[in-house]
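Below: the structure, in structure tokens.
Bear in mind the structure is a predicted one, so any value in this text is a computation, not a measurement. Proteins come first, then strands; the chains are lettered A, B, ... in the order of their sequence lines, and each starts at number 1.
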Number of protein chains: 2
Amino acid sequence: MNGILNDKISAQSLVDALAERIEAAIMNGDLQSGGKISEQALATSLGVSRGPLREAIRTLEGRKLLLRTPNIGVRVASLSPGDLCEVLQVREALEGMACGLAAANMTDEELKALSALLHQQQKSVQGTGVYPETMDFDFHFRIVKGSRNARLVQMLCEDLYYLLRVYRRQSSVTPDRTKQTLREHRDIVAAMTRRDPVEAERTMRRHIASARLYVEEQMRETGAGRNVVARARKPKAAASLAGKGRRVASLRRR
Amino acid sequence: MNGILNDKISAQSLVDALAERIEAAIMNGDLQSGGKISEQALATSLGVSRGPLREAIRTLEGRKLLLRTPNIGVRVASLSPGDLCEVLQVREALEGMACGLAAANMTDEELKALSALLHQQQKSVQGTGVYPETMDFDFHFRIVKGSRNARLVQMLCEDLYYLLRVYRRQSSVTPDRTKQTLREHRDIVAAMTRRDPVEAERTMRRHIASARLYVEEQMRETGAGRNVVARARKPKAAASLAGKGRRVASLRRR
DNA sequence: CGGTACTTGACTGTAAACAGTTTCCCGACC
DNA sequence: GGTCGGGAAACTGTTTACAGTCAAGTACCG
């Protein structure tokens with residue numbers, strides 16, 4: 001049974017492994033957002049049967065990464081700029097709360113480490129003019145975990161961050177707000193170091209709100225900002241998820 | 001939309017119907033929280049096969065109503081008071097945000113209707129000393145919808161409210177805070193009527209925080225407040241979910 | 001009498017076949 | 001030539017069957 005599919009580790013159940021792979025495929029762009037997915041084709045392509053695949057789809061459906069229309073099929077969610085704004089509002093509320101809690105609950109060591117990370121970011125910016133995305137992720141991740149609220153952590157890190165990463169993929173709107181981001185991060189750390197939950201929440205919310213306002217600005221410029229992503233009907237994105245080597249599956253005729 | 005939670009129609013697919021029924025069974029207490037459930041037994045009991053049932057379970061798993069341990073089984077989530085506090089913190093953040101948005105985005109008519117609902121609550125309290133739970137739900141529901149943020153609506157109304165209802169079932173901690181609740185509702189409506197988003201958010205957060213503080217108070221009184229609900233190991237809660245009429249299935253020997 | 005190992009049983013995880021519905025294409029009719 | 005109807009293919013939804021794994025109960029040995 002093993003050897004069949006789990007080449008790496010992670011995901012002790014096939015369903016979880018599938019969910020991860022599909023998620024990755026969406027990130028990669030192997031599965032176009034808005035595109036329809038054929039269960040059969042995807043199953044063959046991944047080298048599994050439809051049972052586990054359907055369960056994996058249900059999982060991702062719960063995370064709003066896939067959308068199902070009864071008797072029609074499943075398609076990859078496409079975030080319009082409007083949707084993105086909604087998500088960012090939610091994130092503002094949640095991560096603001098998280099930051100306030102973190103200001104109260106993080107240990108001094110954790111705060112020191114966070115401060116160190118901030119300095120790294122600054123150094124990276126001075127050197128290359130930009131800093132890696134993972135650093136930003138790490139920054140927010142640490143603060144959220146510092147809230148000591150498991151549910152908050154899960155909602156932010158497992159649900160929202162994924163969505164945002166998908167969006168970043170689909171429309172590479174990576175504005176050059178590096179300098180401002182850095183300034184805002186500094187304010188956040190400052191408030192947290194002062195152990196001031198109210199101010200910590202305020203600065204974090206402002207930080208995220210400024211990202212949202214940027215998107216809204218973009219929306220006003222480029223038309224009403226309803227779906228930028230094509231509402232593709234035909235594409236049938238299923239293919240090209242070449243299973244890890246076996247069964248290349250040259251289906252897809254037509 | 002119409003009723004409280006349109007449990008009338010909905011569920012065109014078997015999987016969705018199952019998810020709803022299991023959810024209801026958890027509310028009812030037919031499925032004890034913390035209890036283990038057997039796929040096979042539940043499937044027979046509901047008169048369906050394991051495929052759709054497993055998908056329904058995945059769905060509810062995503063909503064944190066069911067927990068799965070690989071190769072062991074699925075059990076109903078049991079919210080400890082600590083968990084409840086976490087959920088209430090999340091709700092405070094989200095619904096605070098929603099209320100602020102609603103103060104800006106609700107129409108005058110909607111505000112007027114909200115105010116009317118508040119008066120109904122007052123009248124009901126004057127008469128019976130208490131007002132129906134549905135009224136409270138309706139109140140919050142309208143405000144959340146008034147935020148005009150679909151994702152916020154979904155997270156609050158489809159995820160959190162269910163969880164809270166499950167909790168209310170499992171430990172009937174229904175404190176008599178009617179009077180205070182009413183006062184807080186009045187403050188909220190007042191702020192919204194003034195179209196003051198900041199104050200609206202603040203009052204709503206205070207409203208939810210006071211519920212959380214009450215729970216924390218209870219926790220301090222009744223021990224450390226780790227799981228009140230028994231970590232039942234044997235119960236095998238599956239039975240007694242008599243299928244929709246057909247196939248009553250008197251399995252369960254042993 | 002207690003502990004350990006083995007056997008047995010049930011349940012989860014997975015795959016494949018079956019049934020119902022939708023959609024699309026082609027032909028006939030207006 | 002266009003439109004409407006019928007039929008076929010494909011896909012989703014569902015059921016059934018099989019294999020692997022875990023847990024508990026029992027028997028045997030120390």
Side-chain angles (χ1 to χ4, degrees), chain A residues 1-6 10-21 35-61 66-76 232-239 243 246-247 249 251-254, chain B residues 10-21 35-61 66-76 231-239 243-244 246-247 249 251-254:
Chain A
M1 127 114 164
N2 43 12
I4 293 285
L5 187 54
N6 34 355
S10 70
Q12 32 197 352
S13 86
L14 179 56
V15 175
D16 291 340
L18 285 176
E20 280 182 22
R21 291 200 56 188
K36 189 179 168 224
I37 290 181
S38 152
E39 286 183 8
Q40 187 59 60
L42 189 56
T44 317
S45 159
L46 288 167
V48 298
S49 73
R50 283 178 52 220
L53 177 61
R54 281 178 63 93
E55 291 184 32
I57 288 175
R58 291 278 177 192
T59 302
L60 297 179
E61 215 178 320
L66 298 180
L67 298 176
R68 156 167 270 140
T69 322
N71 285 324
I72 300 297
V74 179
R75 52 182 228 281
V76 181
R233 287 196 55 76
K234 290 284 184 186
K236 304 228 175 193
R246 65 173 212 141
R247 211 186 303 196
L251 59 162
R252 294 286 78 175
R253 51 211 188 248
R254 177 185 292 209
Chain B
S10 68
Q12 35 197 343
S13 86
L14 180 55
V15 174
D16 292 340
L18 285 177
E20 280 182 22
R21 292 202 55 188
K36 186 176 168 225
I37 67 183
S38 146
E39 285 185 8
Q40 187 58 59
L42 190 54
T44 318
S45 158
L46 288 168
V48 298
S49 72
R50 281 181 49 226
L53 177 61
R54 283 175 63 94
E55 292 182 31
I57 289 176
R58 291 276 176 194
T59 301
L60 296 179
E61 215 178 321
L66 297 180
L67 298 176
R68 155 168 271 141
T69 321
N71 288 323
I72 300 298
V74 179
R75 53 181 226 280
V76 181
R231 275 283 189 222
R233 287 196 55 76
K234 290 282 185 189
K236 304 226 176 193
K244 61 190 64 129
R246 64 188 202 131
R247 211 187 304 197
L251 62 162
R252 295 284 78 175
R253 50 212 192 247
R254 176 184 292 213

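Partners of B:Arg58 by side chain to side chain donor-acceptor pair (under 3.5 Å), not counting sequence neighbours, listed by chain and number: A:Glu55. Partners of A:Arg50 according to the salt bridge (Lys or Arg N to Asp or Glu O under 4.0 Å) rule, which considers only residues two or more places apart in sequence or in another chain, are A:Glu39.
Put simply, CG on B:Leu46 is 14 Å from P on D:dT14, counting in whole angstrom units. In this entry the distance linking CD1 of B:Ile37 with P of C:dC11 reads 12 Å, nearest Å. At whole-Å resolution of the value, CD in A:Gln40 and P in C:dC18 are 15 Å apart. Distance CD (B:Glu39) to P (D:dT16): 16 Å, rounded to an integer number of Å. For the pair B:Asp16 CG and D:dT12 P, the computed distance is 16 Å after rounding to whole Å. As rounded to whole Å, 9 Å separates atom C1' of D:dA23 from atom NZ of B:Lys36. Spacing between atom CD of A:Glu55 and atom P of D:dT12 amounts to 16 Å, rounded to whole angstrom units. Separating the CZ atom of A:Arg68 from the P atom of D:dC11 is a distance of 15 Å, rounded to the nearest angstrom.
OP1 or OP2 of C:dG13 has at least one side-chain nitrogen or oxygen of B:Arg54 nearer than 4.0 Å. Proximity of B:Arg50 to the phosphate of D:dA17: no side-chain N or O atom is located under 4.0 Å from OP1 or OP2.
Among the protein residues, B:Gly51 comes within range of the nucleic acid bases, having at least one heavy atom under 4.0 Å from a base atom. Base engagement by B:Pro52 is indicated by at least one non-hydrogen atom pair under 4.0 Å involving a base atom.
In this structure, A:Asn71 and B:Gly73 both approach DNA chain C, and ranking their closest nucleotides by distance from the 5' end singles out B:Gly73. Nearer the 5' end of DNA chain C, as judged by each residue's closest nucleotide, is the contact made by B:Arg58, out of B:Arg58 and A:Ile72.
Side-chain contact check for B:Val76 versus B:Leu66: some heavy-atom pair is nearer than 4.5 Å. The closest side-chain heavy-atom distance from A:Val74 to A:Glu61 is not below 4.5 Å.
The only member of B:Ile57, B:Val48, B:Leu42, B:Leu60 that meets side-chain contact (heavy atoms from CB on, under 4.5 Å) when paired with B:Leu18 is B:Val48.
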